[in-house]
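Notes follow the structure.
Just so we're clear, the structure is a prediction, and the values are computed from it rather than from any experiment.
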Amino acid sequence: MKKIIKSFICLFLITTFSNATVLTINNCFSNRSIILVTAPPTITTPIYLCQNSAAVPLTAIFSVGAIHNWYGTTAVGGIASPIAPTPDTTSVGSTTYYVSQTIGGVESSRVSIVVNVVADNGATILTFRCDASQILAADKNSSVFFDWANNPLISDNSYNYSYSIQGGAPVTGNTGFSHYQVFGMLPGQSATLILTAATHPCATQTLTCSVPCGASSVTPTFASIQTTYCINDVPASLSNPTNSPAITGTWSPATISTTTAGTTNYIFTPDPKLFPCALSKILPVTVKPLVVPVFIGIPTTVCQNSTAPVLPKNSANTPSIAGVWNPAFVDTSVLGNITYTFTPNAGQCASITPITVSIDVVNPANTLVKVDWTVTNAFADNQIVTVSATAPGNYLYQLDYGPFQDSPIFEYVASGTHSITVKDFYGCNTPMTVDNVLVINYPKFFTPNGDGFNDTWNIFDLKNQLDSRIYIFDRYGKLLKEISPSGAGWDGNYTGHPMPSTDYWFTVEYTEQNNLKKFKSHFSLKR
């Protein structure tokens, strides 16, 4: 273009930039640039939305510093708003929205965005899947392949997509193919693809595909973390693995607790974005309770100058607790009570309270030389045996094979010959036994019926007293039989005739404690 003004030649240069047309005037009164026209913003149209879907405000690409002018559905006139309108998706149909931008006070022309709200025709994206079989060998460790099938209900086979790798910035676009491959990934990374039919937006699906880790899988190692503690120990911090390169992640629970005994699994989960091929790791941590050492078999009393018992260096617990005694050895040469203290060695989860054992070193006043006894009168209802030991001391007493007792008196002793054992309370002397303690009694009845049980009557406890004589009378005092305790006894007959069932009386002459005695009582004959 040329224009002559007052005989001057002015040159006009028109230059088009991205968002404005600039008129440059040269060789006139001055060189200057004047913005004549502002280019409209960049928009995407048409837009397809599914009926009753959740719509979002419309978007446009404006120039830096431009004023946004949204006119809603007004093509001419109206008042602009800086806020983009949100389409109404309740009804099927097409709506046109208008937008412009203002730069340096000059507004661009309005451009239209056509929004088509379409009904759901039941179209779906078919067989949407991850298909690694279509990836070239060179790309298998760096890409994923999304594949789907075209649906006749989606007429144009055009698809909008948006994908992100490991939750990163989304990448959007459109494709007319029924597949899409994402490149530039690392082993273990995942890509999530949102796929929408461009003209049938009701058909939308989301799928995540991952690059296999394969040989890139790695298990975290924790060589330096302590895994065994005693209760209430101060625990170490849970650190990152010792792998190289280092793997970062999180622990659950986050810190080790030693307040409760038992085993707790602490799980390390690698950062899934930074280390997608690192596996989770379970680290069992055991907290042991404090154990009180137990000792079995250490005597609390020993005899003076006897062989000293050995103080064990390990307790009877399982597992045992090792430690040291103070004093280290039992001294039996000195009379009196001595306390021995056991202190566990460190690092065994043992009670820190020392264990004490008191041992008495005793010396009996006398040596046991003789055992005597007395028995209550023969034929008494409660036969009592009383034992006496010489010289006097602290003794324990045993009747036959019963338990030892500290009392020298035994009551209700059965008839017959018994043994009595006496030993020193502390075991400092040799025990002494007598086995001729005789307790005399008589049968209260007999049954001469030939069955082999209680067929005769006698006082067999006197069988060793050959001079003893027994006389049997009827109730009127008539002598029926004279027998010896060493004999077979009375069979219940008199002059060859059986006597009737009744009570019969007897008199026995015997020796007790070297004294001649006589006893009279009665018994029953039962047939």
Audit row: V99, V111, side-chain contact (heavy atoms from CB on, under 4.5 Å) steps and yes/no: CA-CA 6 Å; V99 64; V111 289; 3.6 Å; yes
To the nearest 0.5 Å, how far apart are [atom1] in [X] and [atom2] in [Y]?
X    : Y    : atom1 : atom2 : answer
C213 : L279 : SG    : CG    : 7.5 Å
T258 : I256 : OG1   : CD1   : 9.0 Å
R110 : T74  : CZ    : OG1   : 7.0 Å
T269 : I247 : OG1   : CD1   : 12.0 Å
T192 : I194 : OG1   : CD1   : 8.0 Å
T89  : N52  : OG1   : CG    : 5.5 Å

Derivation of the side-chain contact (heavy atoms from CB on, under 4.5 Å) call for T301 and D360: CA-CA 5 Å; T301 304; D360 275 326; 4.1 Å; yes
Suppose we call two aromatic rings close when their centres sit under 6.0 Å apart. Are [X] and [Y] close by that rule?
X    : Y    : result
Y163 : Y180 : yes
W325 : F342 : yes
W251 : Y266 : no

By the definition side chain to side chain donor-acceptor pair (under 3.5 Å), identify the one residue from T227, T228, T286 that meets it with T263.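 So, applying the side chain to side chain donor-acceptor pair (under 3.5 Å) to T263 and each of T227, T228, T286, only T286 qualifies.
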Side chain to side chain donor-acceptor pair (under 3.5 Å), paired with N160, selected from T172, T204, T175, N174: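 That would be N174; it is the only one of T172, T204, T175, N174 passing the side chain to side chain donor-acceptor pair (under 3.5 Å) with N160.
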I'd like to know whether OH of Y412 has more than 12 heavy-atom contacts from other residues, nucleotides or ligands below 6.0 angstrom.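 No, not enclosed.
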Under the side chain to side chain contact (heavy atoms under 4.5 Å, CB included) test against C202, which residue among N121, D120, L49 passes?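 Single side chain to side chain contact (heavy atoms under 4.5 Å, CB included) partner of C202 among N121, D120, L49: D120.
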Would you kindly say whether [X] and [Y] are connected by a side-chain donor-acceptor distance under 3.5 Å?
X    : Y    : value
T242 : T221 : yes
T199 : D156 : yes
E107 : S100 : yes
Q101 : S108 : no
Q189 : S210 : no
H418 : D400 : yes
N150 : Y159 : yes

Any side-chain heavy atom of [X] within less than 4.5 Å of one from [Y]?
X    : Y    : result
I231 : T259 : no
Y229 : V285 : yes
P41  : I61  : no
I359 : Y340 : yes
D406 : F425 : no
N69  : T102 : yes
Q304 : V361 : yes
T433 : I420 : no

Donor-acceptor contact below 3.5 Å, side chain [X] vs main chain [Y]:
X    : Y    : result
N243 : P245 : no
N317 : P319 : no
Q134 : D131 : no

Can you name the closest pair of heavy atoms from [X] and [Y] and give their distance?
X    : Y    : value
T208 : S190 : CG2-CB, 3.8 Å
S351 : V292 : CB-CG2, 4.0 Å
V144 : A191 : CG2-CB, 3.9 Å
A138 : S142 : O-OG, 4.3 Å
P170 : S164 : CA-CB, 4.3 Å
P87  : L58  : CG-CD2, 3.6 Å

Quiz item: cation-pi between R129 and F146, 6.0 Å / 45°: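 That pair does not qualify as a cation-pi contact.
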Face-on cation placement of K423 at F404 ring, 6.0 Å and 45° thresholds: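 So K423 does make the cation-pi contact.
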Dump the intermediate steps for side-chain contact (heavy atoms from CB on, under 4.5 Å) on S143 and V182, then the final yes or no. CA-CA 5 Å; S143 69; V182 179; 5.9 Å; no
Mutual orientation of the aromatic rings belonging to Y395 and Y397 [parallel < 30°, tilted 30-60°, perpendicular > 60°]: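 Geometry flag for Y397 against Y395: perpendicular rings.
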Run the numbers on T96 and I113 for side-chain contact (heavy atoms from CB on, under 4.5 Å), then give the verdict. CA-CA 6 Å; T96 303; I113 302 176; over 6 Å; no
